[in-house]
Protein chains: 2
Amino acid sequence: MILSKTSQYAIRVLSYMINSDLQVFSAQHLIQTLHIPDKYLRQLLTTLSKAGFIKSIRGREGGYVFARNADRIYLSSIIETVEGMDKYTSCLLGFSDCNDDNPCSLHEKWTPIREQLLDFLNNTTLAEVKNNQITKF
Amino acid sequence: MILSKTSQYAIRVLSYMINSDLQVFSAQHLIQTLHIPDKYLRQLLTTLSKAGFIKSIRGREGGYVFARNADRIYLSSIIETVEGMDKYTSCLLGFSDCNDDNPCSLHEKWTPIREQLLDFLNNTTLAEVKNNQITKF
DNA sequence: TTTAAATTCTATATCATTATAGTATTTAAT
DNA sequence: ATTAAATACTATAATGATATAGAATTTAAA
């Protein structure tokens, strides 16, 4: 759980939606399917809606649909919305002024791994996560 | 801050010790040099002592010294002691039953990055972190 | 033998994240 | 119009990590 629980929930929801044939997803349906705490997920869905990943349809027969194409939703955007990306971009030992010229003791070895991690988060879209074989959400 | 603050503190202390010419380090000295909260660091030093990385010398003129050679202290051992390694070895989306045969939607892309991360934590020793050029602890 | 400097123990407080609860609002079907 | 099914808002509770506090213990120096 390097990701916060809230980030996990957000990615699981959107990943489920892109891998499903349904168009509209009610909060109730997502709660039961993904086993995420009721009120907590409802709040999160509102957050994801305000951030523009999904849009809500209020009232009876309502629910949530994608607000933009999945190939334009990056993992890092989702994470930035729910917990912020600082944790993933910053120095492993927490120094705000750590850089190549004035590194901490782990900087040299950590930098290439961070690069790969950020490359993954910054360049992986929801569309790339679509896979018919996946059964776990 | 992918690492917990406590892990950061622990690694900073040991990394400072291995990079210093001193032999014995009092809690007071470490607190003032590393700017880590007094009582919190004292508790942590006791934890690191009980875990066998350092040993304490009680009473006047006391302090802490390494309990074993730095080339036998791995980053993952330190992390395991203070916060546990589960967070770094487990599924990115939090599934306990995620594996190659029954993967989550991020499993395939995440696995190689996790491998590198674990390789770094499991195989980097304090001795490798010794570097005269480092001034940040 | 007294004192000062040090570690150890245990209890409590603070803070951010996660979880829960109740009410208000919206809208389609009847 | 009324009702039922849905989202939105706001307040509070629970949990875990981090931080603080004070008393107890140990030991070398004076």
Side-chain angles (χ1 to χ4, degrees), chain A residues 1-13 17 22-67 79 81-84 86-87 93-94, chain B residues 1-13 17 22-67 79-87 93-94:
Chain A
M1 317 88 145
I2 287 174
L3 293 176
S4 76
K5 249 184 167 181
T6 316
S7 286
Q8 292 180 343
Y9 291 160
I11 293 171
R12 284 173 57 202
V13 165
M17 286 175 66
L22 299 175
Q23 291 299 313
V24 181
F25 301 80
S26 73
Q28 194 55 45
H29 173 72
L30 293 170
I31 286 158
Q32 289 175 350
T33 307
L34 304 179
H35 307 103
I36 297 173
D38 188 319
K39 295 289 185 160
Y40 198 69
L41 181 53
R42 288 178 189 279
Q43 286 174 343
L44 178 56
L45 289 167
T46 302
T47 300
L48 295 176
S49 175
K50 286 182 173 168
F53 300 118
I54 54 181
K55 57 188 173 195
S56 67
I57 301 170
R58 296 191 66 168
R60 194 163 174 161
E61 305 286 287
Y64 298 91
V65 298
F66 276 108
I79 296 168
T81 295
V82 303
E83 63 162 323
D86 287 7
K87 169 172 146 190
L93 293 182
Chain B
M1 318 86 144
I2 286 175
L3 294 176
S4 76
K5 249 184 167 180
T6 317
S7 287
Q8 292 180 342
Y9 291 160
I11 294 171
R12 284 174 57 203
V13 164
M17 285 174 66
L22 298 175
Q23 291 299 312
V24 182
F25 301 80
S26 73
Q28 194 55 45
H29 173 71
L30 294 170
I31 286 158
Q32 288 175 350
T33 307
L34 304 179
H35 307 103
I36 297 172
D38 188 319
K39 296 288 185 162
Y40 198 68
L41 180 53
R42 287 177 190 279
Q43 285 175 343
L44 178 56
L45 289 168
T46 301
T47 300
L48 295 177
S49 174
K50 285 182 174 169
F53 301 118
I54 54 182
K55 58 188 171 194
S56 66
I57 302 171
R58 296 192 65 168
R60 194 162 174 162
E61 306 285 287
Y64 298 91
V65 298
F66 276 109
I79 296 168
E80 176 63 34
T81 296
V82 303
E83 64 163 321
M85 278 291 291
D86 287 6
K87 169 172 146 190
L93 293 182

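A, B, ... follow the sequence lines: proteins, then strands. Residue 1 opens every chain.
Rounded to whole Å, the distance from CE on M1(A) to P on dT17(C) is 17 Å. Atom NZ of K5(A) is separated from atom C1' of dA17(D) by 15 Å (rounded to the nearest Å). Across the protein-nucleic acid pair, I54(B) atom CD1 and dA6(C) atom C1' stand 14 Å apart, rounded to whole Å. Following rounding to the nearest Å, L3(B) (CG) and dT18(D) (P) show an atom-to-atom distance of 11 Å. Across the protein-nucleic acid pair, R60(A) atom CZ and dA6(D) atom C1' stand 9 Å apart, rounded to whole Å. Rounded to whole Å, the distance from CZ on F25(A) to C1' on dA6(D) is 16 Å. Whole-Å rounding puts the L30(B) CG to dA6(C) P distance at 12 Å. Going from atom CZ of R12(B) over to atom P of dT18(D) covers 13 Å, rounded to whole Å.
Across dA5(D), dA29(D), dA19(D), the shortest atom-to-atom separation from the side chain of Y9(B) is found for dA19(D).
With rounding to the nearest 0.5 Å, the separation of CD in Q43(B) from CG in L48(B) is 12.0 Å. Atoms OG1 and CZ, from T33(B) and R12(B) in turn, are 10.5 Å apart once rounded to the nearest 0.5 Å. We find the OG1-OH distance between T46(A) and Y64(A) to be 4.5 Å, quoted to the nearest 0.5 Å. Rounding to the nearest 0.5 angstrom, the gap separating the CD1 atom in I11(A) from the CD1 atom in I79(A) is 4.5 Å. A distance of 12.0 Å separates CD1 in I2(B) from OG in S7(B), rounded to the nearest 0.5 Å.
Taking 4.0 angstrom as the limit, S26(A) places none of its side-chain polar atoms (N or O) nearer than this to OP1 or OP2 of dA6(D). The side chain of T6(A) contributes no N or O atom lying less than 4.0 Å from OP1 or OP2 of dT17(C).
Within 3.5 Å, a donor on the side chain of R58(A) pairs with an acceptor on the base of dT7(D), or the reverse.
Heavy-atom contacts from other residues, nucleotides or ligands closer than 6.0 Å to NZ of K87(A) number more than 12.
Each of S4(A) and G59(A) has a nearest nucleotide on DNA chain C; the 5'-most of these lies closest to S4(A).
Contacts with DNA chain C (heavy atom under 4.0 Å) in residues 31-50 of chain B: R42(B), Q43(B), T46(B), K50(B), listed by number.
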Please walk me through it: do T6(A) and Y40(A) pass side chain to side chain donor-acceptor pair (under 3.5 Å)?
CA-CA 9 Å; T6(A) 316; Y40(A) 198 69; 2.7 Å; yes
